[in-house]
Undergrad: 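Handing you this structure, nothing more for now.
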Amino acid sequence: MPTRTRTDIPVYRPDLYSAAAIRDTYPHYARLRELGPVVWLTKHKVHALPRYAECKAVLLDDETFISGDGVALNPLANRMGQGTTLYSDGADHDRRRSQVAHRLTPRALRPMTTAVDEQAAQVVEAALARRAVDGVEMAMALPLSVVPDLVGWPEEGREHLLRWAGAAFNGQGPINRQAVRTLPSALGMMRYARRVVRERSVLEGSMGHDLLCAADEGKIPPAECATMMMDYLSPSLDTTISAIASALHLFATHPEQWRLLKEDPGRIPNAVNEVVRYDSPVRAFTRVAARDTTIAGTPIPKGSRLLVLYGSANRDALEWEDPDTFDIRRDAARQLGFGQGTHGCAGQGLARLETSAMLRALVTRVDRIELTGTPEWALNNIIHRYERLPLKLIPA
Ligand code: HEM
């Protein structure tokens, strides 16, 4: 492969994080993919990776492309996130991840399946009784009931969790209007987490409780308890809400796919992959090159920041046939929406459990899902999710 010189790298001037680009993101990704495997974003001063192969290769090579300098696009968030699993490398990362990730494996989650299925059934039955519903509200129900209990947040303060978690994501893009507007909320979550740890008010037997015990036993520094609790809260709400709401939207707008799912609910696990491929909940995170290297023939000097565009990789025609077609029959298991490699999503078992439970509850009770108005996208730098999704559910 010929090596490019630094001046050969294609550049892209539009702002990927403007309100317009957040609301209509795919045309930007398509132009970036056409430009090449590595594209310099003049506005954000990073190398963007819009194609599947390079995104995957970078995620898998965590010795060269590190997370310890932060995975956000701005220095403030990259400093504030220190001490989290997401923002750490090597043995430090493994130590943090091993404290609680075992609670989120499919086997550890299995005892929750019946309770989550029952909750999903209640959500769908309540929606059927109302007929006209906001799909985003439906999508919030499971994450907001399951995750706070698992992490162990006390009842008091839970009403703020979704706002705080959304703000934590917003703050990891560039410092633009969205990020500044939500900064006070992001700081609110940090203050709350520190207070919960100080007062030891986490629920007995929860993940948060495990962390307090690990600190008591000297396995982790006490100061890390609060950051690690946020580690498992901030990425766990909007992401799953995005996947469930996008599933509702996609099955409303692709009735033939809905028929296929109803005919064979065995397709649900792959349908979850296809939803996460087609409308990836996380737009992008970054990495830093720990040494001079090359990506697809492009020289990447040590210290360069790279933008891994999961949402674009999952629509790359070099990897996927008809990438802009939503089809639950394709093999979507290799989608990158949950990341890949050592930082691959620690909570994907839970996200899959919640999204599948909603789809199981819907296929047996609902004949058709109809869109009754124009959906609106939420304005968030990192999370690609609906803010409003007017729907009607027609009973089976
Ligand atoms: C559909 C839902 C979800 C999506 C699409 C998603 C996506 C992602 C992605 C792309 C990463 C990789 C970040 C990177 O490469 O730097 C990640 C990491 C992570 N996710 Fe998720 N996530 C979801 C749900 C959840 C849930 C429910 C939890 C917790 C209960 C969670 C906890 C985490 C944690 C702790 C990490 C950091 C792992 C590490 O650095 O080792 N996620 N997620």
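Just so you know, ligand 1 is whichever comes first in the structure, and atom 1 is the first atom listed for that ligand.
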Undergrad: Any side-chain donor paired with an acceptor under 3.5 Å for Thr84 and Arg96?
TA: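 No donor-acceptor contact under 3.5 Å links the two side chains.
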Undergrad: Is it the case that the side chain of Glu54 and the backbone of Pro50 share a donor-acceptor pair, with hydrogens and angles ignored and the cut-off at 3.5 Å?
TA: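 Checking the backbone N and O of Pro50 against the side chain of Glu54, no donor-acceptor pair under 3.5 Å is found.
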Undergrad: Indicate yes or no for a side-chain donor-acceptor contact from Asn78 to the backbone of Ala72 under 3.5 Å, with no hydrogens or angles considered.
TA: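 Side chain of Asn78 to backbone of Ala72: a pair is present.
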Undergrad: Within the distance-only criterion (no hydrogens, no angle test), does the side chain of Gln178 pair as donor or acceptor with the backbone N or O of Asn380 below 3.5 angstrom?
TA: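 Judged by distance alone, no pair lies under 3.5 Å.
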Undergrad: Could you find the nearest protein heavy atom to atom 14 (C) of ligand 1 and give me its residue, atom name and distance?
TA: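 Of every protein heavy atom, Tyr310 OH, 3.1 Å lies nearest to atom 14 (C) of ligand 1.
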Undergrad: Taking non-hydrogen atoms only, is Gln340 closer than 4.0 angstrom to ligand 1 via side chain, backbone, both or neither?
TA: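 Neither; nothing of Gln340 gets under 4.0 Å from ligand 1.
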Undergrad: Classify the contact between His343 and ligand 1 as side chain, backbone, both or neither, using a heavy-atom distance cut-off of under 4.0 Å.
TA: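 The part of His343 near ligand 1 is both the backbone and the side chain.
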Undergrad: Considering only heavy atoms, does Thr342 approach ligand 1 within less than 4.0 Å through its side chain, its backbone, both, or neither?
TA: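 Answer for Thr342: backbone.
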Undergrad: Among all the protein's non-hydrogen atoms, which is closest to atom 41 (O) of ligand 1, and how far away is it?
TA: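 Ranking protein heavy atoms by distance from atom 41 (O) of ligand 1, first comes His93 NE2, 2.6 Å.
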Undergrad: Ring centres under 6.0 Å, that's the criterion: do Trp40 and Tyr12 meet it?
TA: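 No - the distance between ring centres of Trp40 and Tyr12 does not fall below the 6.0 Å cut-off.
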Undergrad: May I ask you to list the protein N, O or S atoms found at less than 2.8 Å from atom 21 (Fe) of ligand 1?
TA: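 Protein N/O/S atoms under 2.8 Å of atom 21 (Fe) of ligand 1: Cys345 SG.
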Undergrad: Looking only at heavy atoms, is any part of Arg287 under 4.0 Å from ligand 1, and if so is it the side chain, the backbone, or both, or is it neither?
TA: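 Within the 4.0 Å criterion, Arg287 contacts ligand 1 through side-chain atoms alone.
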Undergrad: Less than 3.5 Å apart, any donor N or O on the side chain of Asp92 or Tyr87 sitting next to an acceptor on the other?
TA: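 Absent: no donor and acceptor within the cut-off.
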Undergrad: With a distance cut-off below 6.0 Å to the six-membered ring centre and an angular limit of 45° from the axis, does Arg315 pair with Tyr26 as a cation-pi contact?
TA: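 Yes.
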Undergrad: Tell me whether the rings of Phe251 and Phe326 are parallel (<30°), tilted (30 to 60°) or perpendicular (>60°).
TA: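 Correct class here is perpendicular.
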Undergrad: So, the side chain of Asn170 versus the backbone of Asn381: is there a donor-acceptor pair under 3.5 Å, distance only?
TA: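 Yes, because the side chain of Asn170 sits within donor-acceptor range (under 3.5 Å) of the backbone of Asn381.
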Undergrad: List every atom of ligand 1 that sits less than 4.0 Å from any heavy atom of Asp231, numbering the atoms from 1 in the order shown and giving each element.
TA: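 Atoms satisfying the 4.0 Å criterion: 35 (C).
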Undergrad: Kindly assign one of parallel, tilted or perpendicular to the pair Trp377 and Tyr386, based on the angle between their ring planes and the thresholds 30° and 60°.
TA: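 Rings of Trp377 and Tyr386: parallel, as their planes differ by under 30°.
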Undergrad: Go through the structure and list residues passing salt bridge (Lys or Arg N to Asp or Glu O under 4.0 Å) with Glu159, not counting sequence neighbours.
TA: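 Partners of Glu159 by the salt bridge (Lys or Arg N to Asp or Glu O under 4.0 Å) criterion come out as none, since no residue qualifies.
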Undergrad: Regarding atom 7 (C) of ligand 1: of the candidates Pro281, Gly337, Ser234, Ser246, which has the closest heavy atom?
TA: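 The nearest heavy atom belongs to Gly337.
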Undergrad: Taking the non-hydrogen atoms of Thr240, is any one of them nearer than 4.0 angstrom to ligand 1?
TA: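 It does, in that a heavy atom of Thr240 comes within the 4.0 Å cut-off of ligand 1.
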Undergrad: Return the residue, atom name and 0.1 Å-rounded distance of the protein heavy atom closest to atom 37 (C) of ligand 1.
TA: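 I find the closest protein heavy atom is Leu86 CD1, 3.9 Å.
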